[in-house]
Undergrad: 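This is the structure I have questions about; it appears just below.
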Amino acid sequence: MTDEAPVIRLPIALIRRDGGTQIRAQISMDVAREYAEAMGLGAAFPPIGVIHDGTDQWVWDGFHRLMGADLSGATEIDAIVRPGTRRDAIIAALGANAQHGYRRSNADKRNAVITALADDELARKSDREIARICQVGPDMVGRLRPPPPPPSVAERQKPATREVTRGGKTFEMEVAAINRERAPMPEPAPVPPPVKGSLQLRTLLGELRAGADVETAAVVAEIGRAEAREHALAEARGEYADIVAIEPNWRIDGDHLILTLTSGIDDEDQPEPVEPANDDAPPSSFDFAAAQIRDAAVQAISALAKAPPAEDLAAMWAAYTGRGVPMEIVVRARAWLNAFADLFPAAEAARQAAITSKLENI
């Protein structure tokens with residue numbers, strides 16, 4: 001698109017980002033934060049590209065600049081606004097950032113081609129034309145184009161054609177004879193459909209749907225709190241019902257924290273629980289349920305006897321999973337350890353000795 005339209009100051013709150021016009025495989029929060037810091041210092045950035053369909057303003061170029069402005073606290077941003085449809089914005093976004101801005105990764109380019117091939121009208125165009133629109137090589141389009149379905153008898157009798165553009169004119173060209181003399185190509189692997197929603201958005205939705213507050217979910221998803229609140233409102237309105245969230249490996253059920261994370265330690269590496277001495281004679285009849293409870297209690301005591309402080313546990317959890325721990329869980333863990341110290345003073349003494357020994361060996 002050319003830059004004939006004038007630059008205007010557009011309120012950020014009016015700009016839609018949820019219409020599939022974000023073509024990158026993943027948004028970089030590091031880049032958005034760098035832009036926000038530069039904007040806070042007064043740096044000037046090129047205007048973003050927006051298409052207005054008469055009702056909504058669809059951004060198609062400048063998602064990182066828009067997020068940077070949002071993170072910096074700005075309420076308006078320079079934009080070049082043109083009339084069109086949401087589909088026009090998606091098509092324009094296919095080749096965005098090819099020549100300027102934050103450089104596209106190979107995953108970004110592949111996502112642009114997959115998005116183009118998912119469009120019925122664009123899919124009829126030649127590999128070279130789609131490559132021009134997406135600003136990639138024609139060979140990438142050829143690799144990603146899914147194989148056609150088996151033709152019917154009528155279709156087999158009809159010459160194969162494809163829409164091509166030459167000298168500014170678009171016409172149908174018969175392509176059946178082009179590859180007739182070539183060796184047959186191996187069957188390409190099926191291309192999975194693009195997943196709707198960025199990685200950050202799907203992570204945020206997973207945290208929100210698991211019961212995390214917006215601030216904690218924003219930290220885990222690595223997006224700004226203002227944007228996280230916007231997404232949370234959209235989720236509450238049901239706008240994200242068709243987006244598959246990335247489920248977290250924890251959930252809160254009443255007063256209980258349920259973890260589904262595997263420790264990564266083999267069972268044979270786990271130390272055997274130390275059972276307290278019991279000189280009592282065994283009962284005349286074996287109580288299986290009581291034995292299960294006793295065994296669980298012994299293992300819990302053994303585990304707690306080696307547990308570091310709650311704050312250290314939270315830091316270990318965050319380092320292992322990359323996810324923050326809600327503060328209420330840390331407070332609850334601290335209360336559990338305090339109660340443990342009161343109930344089992346001997347085990348608590350062993351725990352403190354183990355912690356001291358570890359600190360001395362660091």
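Throughout, residue positions are numbered sequentially from 1 according to the sequence presented.
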Undergrad: Return the CD1 to CE distance between Ile12 and Met67, rounded to the nearest 0.5 Å.
TA: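 Taking CD1 in Ile12 and CE in Met67, the distance rounds to 11.5 Å.
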Undergrad: Using only atom types and a distance under 3.5 Å, with no angle test, would you say the side chain of Arg65 pairs donor to acceptor with the backbone of Pro46?
TA: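 Between the backbone of Pro46 and the side chain of Arg65 there is a qualifying donor-acceptor contact (under 3.5 Å).
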Undergrad: Return the OG1 to NE2 distance between Thr55 and His52, rounded to the nearest 0.5 Å.
TA: 6.0 Å
Undergrad: Any idea which heavy atoms bring Ala218 and Ala228 closest together, and the distance?
TA: CB-CB, 3.6 Å
Undergrad: Does any non-hydrogen side-chain atom of Trp60 lie less than 4.5 Å from one of Ile23?
TA: no
Undergrad: Main chain of Gly19, side chain of Arg86: is a donor-acceptor contact present, judged purely on distance under 3.5 Å?
TA: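 Yes: the side chain of Arg86 pairs with the backbone of Gly19.
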Undergrad: Between Asp139 and Arg143 (salt bridge meaning N to carboxylate O under 4.0 Å), is one present in this structure?
TA: yes
Undergrad: Is a salt bridge present between Asp18 and Arg16, judged by a nitrogen-to-oxygen distance below 4.0 Å?
TA: yes
Undergrad: Is the closest basic N to carboxylate O distance between Glu247 and Arg209 below 4.0 Å?
TA: no
Undergrad: Using the rule that Ile, Leu, Val, Met, Phe, Trp and Tyr join whenever any side-chain heavy atoms are under 4.5 Å apart, tell me whether Tyr35 and Ile77 fall into a single cluster.
TA: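 Unlinked, Tyr35 and Ile77 end up in two clusters.
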Undergrad: Is the closest basic N to carboxylate O distance between Asp78 and Arg9 below 4.0 Å?
TA: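 A salt bridge is present here (some side-chain N lies under 4.0 Å from a carboxylate O).
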Undergrad: Report yes if the side chains of Arg229 and Glu215 come closer than 4.5 Å at any heavy-atom pair, otherwise no.
TA: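 The answer is yes, as the side chains (C-beta and beyond) meet within the 4.5 Å cut-off.
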Undergrad: Report the distance from atom CD1 of Ile48 to atom CD1 of Ile15, rounding to the nearest 0.5 Å.
TA: 4.0 Å
Undergrad: Does Trp58 offer a backbone N or O that forms a donor-acceptor pair with the side chain of Thr21 under 3.5 Å?
TA: no
Undergrad: Any donor-acceptor pair under 3.5 Å linking the side chain of Glu235 with the backbone of Leu208?
TA: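 Such a contact is absent between Glu235 side chain and Leu208 backbone.
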Undergrad: Should the pair Asp108-Arg24 be classified as a salt bridge under the 4.0 Å nitrogen-to-oxygen rule?
TA: yes
Undergrad: Would a 4.5 Å heavy-atom cut-off, applied to side chains only, mark Val81 and Ile51 as touching?
TA: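 SC-SC contact between Val81 and Ile51 ruled out.
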Undergrad: State the CG-CD distance between Asp70 and Glu230, to the nearest 0.5 angstrom.
TA: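 These two atoms lie 5.5 Å from each other.
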Undergrad: May I ask you to decide whether Arg87 forms a salt bridge with Asp119, counting only side-chain N to carboxylate O separations under 4.0 Å?
TA: yes
Undergrad: Please round to the nearest 0.5 Å and tell me the distance separating atom CG of Leu94 and atom CG of Leu122.
TA: 7.0 Å
Undergrad: Just how far is it from atom CD1 of Ile133 to atom CZ of Arg128, taken to the nearest 0.5 Å?
TA: 13.5 Å
Undergrad: Does CZ in Arg103 sit with more than 12 non-hydrogen atoms of other residues, nucleotides or ligands closer than 6.0 Å?
TA: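 No, CZ of Arg103 has 12 or fewer neighbouring heavy atoms, counting only those of other groups under 6.0 Å.
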Undergrad: Write down the atom of Ala36, the atom of Ser72, and the distance for their closest heavy-atom approach.
TA: O-CB, 3.8 Å
Undergrad: We want to know whether Glu227 and His231 form a side-chain donor-acceptor pair, criterion being a heavy-atom distance below 3.5 angstrom.
TA: yes
Undergrad: Following the transitive rule for hydrophobic clusters with a side-chain heavy-atom cut-off under 4.5 Å over Ile, Leu, Val, Met, Phe, Trp and Tyr, establish whether Val214 and Leu71 coincide in one cluster.
TA: yes
Undergrad: Give me the atom names and distance for the closest heavy-atom approach of Arg145 to Leu117.
TA: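 Distance-wise, the nearest heavy atoms are CA-CD1, 3.4 Å.
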